Trainee: 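Okay, here's the structure, questions in a sec.
This is a predicted model, so every value here is computed, not measured. Residues: numbered from 1 along the sequence shown.
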Amino acid sequence: MKDAEIKQNAQLILDNVKEIIDETGPRLPGTEEEKRGAEKFAEQVKRDVGLDTTTEHFKMAPVASIGFIPVLGYLGYVSAVLFYLSPIASFIMAALLLIYAGLQIFTYTGVLDFLFKKHPSQNVYATLEPKSGVVDRTILLSGHLDSSWCWQLSAINPNTMMIKTIIGVLSVAGIALVSLIAICNGALSFMFWTTNIVDVSAKKIANIGYLIMYIVPIFAVPGCYWLSQYLTWDKKKASPGAMDNLTGCELALATVKYYKEHQDELPENTRLICAGIGCEEAGLKGSLAFCKAHKADFNEHYYNINLDSFRDYDHFNAVKGDTWLFSKFDKDLVNITVETMNEIDVPTPGIIENPVGGCDSTPFYRAGVKTVTIAAQDPRPTNYYHTYNDTVEGLNLPTLEKGFELVVKMIPKVVELDKNQNK
């Protein structure tokens, strides 16, 4: 692969990212802007690669997971007030909020999505079939087309965002705890205060304990406030999604384009798929829908290289799993990624585990597909991750050049892995 081709394709990636953002702006999950972004991506695939695309539609609840966090904050206020009126009601509400967060926000189960109004979304993909007409293996290159609501705490101060979020969750847990204590104490209060079993000094100590307990919900207010301000649903403030994740979509496009133009370099009997996935930011709904629709295609010869966010030249990483979702991605693909990074002199090739949230590799992992996610993004909180600062101006050609070179050179290695593992 010539240096001129690397530079040319990196420029194509940058230009195509800008083209979509200029037309759609932010593309929040389940919106008309996301739909138009998918249509525009399909037009780019047809124009630049010369392949027809397939669009698969599905329905999902946009704010049932991450988008629900502000509501948790507002309801946290309510549970704090209820504590002074009815500890039982306060405990029930706070406990339900924690259960909801565990099911819908931390683990993306989607079991409570039925409570929300569904919106349409879509996945778009194109297939480059092998010249031989025989398919021995399939490599799916995917990125997600939607962008995120603005994480206001990150935009204001990324260094304190995680601390404030943790305090918010602990505040709701604290309300649940003191409510439970109040309920238990209330059951014994009549006996406690109407008998002479307890002396006066013990009663004074108990009064101090009650006073402290009844002050606790007041200290939960700042945490609930930070949760309520965690993100905004205002489209005007939403992330344009240049890094996260039009770069991944356009990198997949450029890779398939390269191999269509150099089919002699594409390993024999290898099918490539370029996919723009919807609604990743709403609980991986697009990749879940894709796995459901293509379950019959998955076998030991099916691979997914998920491309998610290419901006930071000094932070190329193979993502080996999602901690919160208990997913572990394919070790061989992770090793191939790092091996190729070293071959092309990526400054700091690394392996990380996604510490919070999830990526589109997890549904493929759960479906039995060998998968890895690749990113060039500072894993620490930044003011451009999921904020209005994720713009085209923040991208740079050197990172896109390395990303393109990396993925193109990984394809033959994945094919060799398939041959060795399935002899």
Side-chain angles (χ1 to χ4, degrees), residues 26-31 33-34 58-82 90 92-121 144 146-156 161-162 164-176 220-239 241 244 278-289 322 324-325 354 356-360 362-363 381 385-387:
R27 299 163 309 286
L28 294 177
T31 62
E33 291 82 8
E34 186 202 31
F58 60 92
K59 289 189 175 182
M60 44 71 68
V63 297
S65 56
I66 298 296
F68 194 77
I69 292 179
V71 179
L72 293 180
Y74 292 124
L75 293 180
Y77 289 139
V78 176
S79 65
V81 172
L82 282 176
S90 177
I92 292 173
M93 173 168 282
L96 288 176
L97 292 178
L98 292 172
I99 292 170
Y100 184 94
L103 292 174
Q104 294 289 113
I105 297 173
F106 293 123
T107 58
Y108 295 173
T109 65
V111 296
L112 300 176
D113 285 3
F114 69 92
L115 298 173
F116 296 83
K117 180 181 179 181
K118 299 296 189 297
H119 291 249
S121 186
H144 68 85
D146 60 317
S147 64
S148 173
W149 298 275
C150 176
W151 287 13
Q152 297 187 117
L153 298 185
S154 291
I156 295 170
M161 181 274 293
M162 190 59 68
K164 290 177 178 178
T165 305
I166 292 172
I167 291 174
V169 175
L170 292 178
S171 296
V172 177
I175 294 170
V221 171
C224 293
Y225 171 77
W226 287 327
L227 286 181
S228 71
Q229 298 302 303
Y230 185 88
L231 61 81
T232 174
W233 301 305
D234 187 348
K235 288 184 180 181
K236 295 179 181 178
K237 296 181 180 180
S239 169
D244 185 19
C279 292
E280 189 262 5
E281 304 291 2
L284 316 180
K285 293 300 188 290
S287 50
L288 286 166
D322 288 330
W324 285 6
L325 305 185
N354 189 12
V356 295
C359 64
D360 275 334
T362 285
Y385 176 59
H386 287 180
T387 76

Trainee: Could you work out, with side chain to side chain donor-acceptor pair (under 3.5 Å) as the rule, every residue matching Lys237, not counting sequence neighbours?
Mentor: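 Applying side chain to side chain donor-acceptor pair (under 3.5 Å) to Lys237 gives none.
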Trainee: Check whether any side-chain heavy atom of Ile175 sits under 4.5 Å from a side-chain heavy atom of Ser90, and report yes or no.
Mentor: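 Sidechains of Ser90 and Ile175: in contact.
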Trainee: So, using side chain to side chain contact (heavy atoms under 4.5 Å, CB included) as the criterion, who are the partners of Val221 when residues are at least two apart?
Mentor: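 Applying side chain to side chain contact (heavy atoms under 4.5 Å, CB included) to Val221 gives Tyr77.
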Trainee: Could you pull out all residues at least two apart from Tyr108 that satisfy ring-ring contact (aromatic ring centres under 6.0 Å, His included)?
Mentor: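 Result, ring-ring contact (aromatic ring centres under 6.0 Å, His included) vs Tyr108: none returned.
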Trainee: Trp226: what forms a ring-ring contact (aromatic ring centres under 6.0 Å, His included) with it, not counting sequence neighbours?
Mentor: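 Per chain and number, Trp226 pairs via ring-ring contact (aromatic ring centres under 6.0 Å, His included) with no residue.
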Trainee: With a 4.5 Å limit on heavy-atom distance, are the side chains of Leu112 and Phe114 in contact?
Mentor: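 They are in side-chain contact.
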Trainee: Can you tell me which residue pairs pass the salt bridge (charged side-chain N to carboxylate O under 4.0 Å, His left out) test with a partner in residues 66-82, sequence neighbours excluded?
Mentor: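 Passing the test, one end in residues 66-82: no pairs.
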Trainee: Can you list the residues that meet the side chain to side chain contact (heavy atoms under 4.5 Å, CB included) rule with Leu170, with sequence neighbours excluded?
Mentor: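 Here the qualifying residues are Ile166.
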Trainee: Flag the pair Val71 / Val63 as yes when at least one side-chain heavy-atom distance between them is below 4.5 Å, and no otherwise.
Mentor: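 Sidechains of Val63 and Val71: no contact.
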Trainee: With heavy-atom distances below 4.5 Å as the criterion, would you say the side chains of Trp324 and Val356 are in contact?
Mentor: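 Yes. Closest side-chain heavy atoms under 4.5 Å.
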Trainee: Going by the angle between their ring planes, with limits at 30° and 60°, are Trp151 and Tyr230 parallel, tilted or perpendicular?
Mentor: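 Trp151 and Tyr230: tilted rings.
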Trainee: Just jot down the side chain to side chain contact (heavy atoms under 4.5 Å, CB included) partners of Pro29, sequence neighbours excluded, or say none.
Mentor: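 Partners of Pro29 under the side chain to side chain contact (heavy atoms under 4.5 Å, CB included) test: Met60, Asp146, Trp149, Cys279, Glu281, Ala282.
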Trainee: With side chains defined as the heavy atoms from C-beta onward, is the minimum distance between His386 and Asp244 less than 4.5 Å?
Mentor: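 The answer is yes; the side chains approach within 4.5 Å.
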Trainee: Could you tell me if the side chain of Leu72 sits less than 4.5 Å from the side chain of Val172, heavy atoms only?
Mentor: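 Val172 does not reach Leu72 side chain to side chain.
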Trainee: With Asn354, which residues qualify under side chain to side chain donor-acceptor pair (under 3.5 Å), at least two apart?
Mentor: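 Asn354 satisfies side chain to side chain donor-acceptor pair (under 3.5 Å) with Asp322 once adjacent residues are dropped.
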Trainee: Just to verify, what does Ala64 make a side chain to side chain contact (heavy atoms under 4.5 Å, CB included) with, not counting sequence neighbours?
Mentor: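 In terms of side chain to side chain contact (heavy atoms under 4.5 Å, CB included), with neighbours along the sequence ignored, Ala64 is linked to Ala61, Tyr100, Gln104, Asp113, Phe116.
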Trainee: Output all residues satisfying salt bridge (Lys or Arg N to Asp or Glu O under 4.0 Å) with Lys59, sequence neighbours left out; order by chain, then residue number.
Mentor: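 Testing Lys59 for salt bridge (Lys or Arg N to Asp or Glu O under 4.0 Å), a comparison that skips the adjacent residues, returns none.
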Trainee: Which distance, rounded to the nearest 0.5 Å, do you find between the CZ of Arg27 and the NE2 of His144?
Mentor: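 With rounding to 0.5 Å, CZ (Arg27) is 9.5 Å from NE2 (His144).
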Trainee: Less than 4.5 Å apart, side chain to side chain, heavy atoms only: is that true for Ile69 and Thr165?
Mentor: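 A side-chain contact under 4.5 Å is absent here.
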Trainee: Only counting residues at least two apart or in another chain, list the ones meeting side chain to side chain donor-acceptor pair (under 3.5 Å) with Gln229.
Mentor: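 Result, side chain to side chain donor-acceptor pair (under 3.5 Å) vs Gln229: none returned.
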Trainee: List in chain and number order the residues that pass side chain to side chain donor-acceptor pair (under 3.5 Å) with Asp360, two or more places apart in sequence or in another chain; answer none if no residue qualifies.
Mentor: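 Expected list: Ser287.
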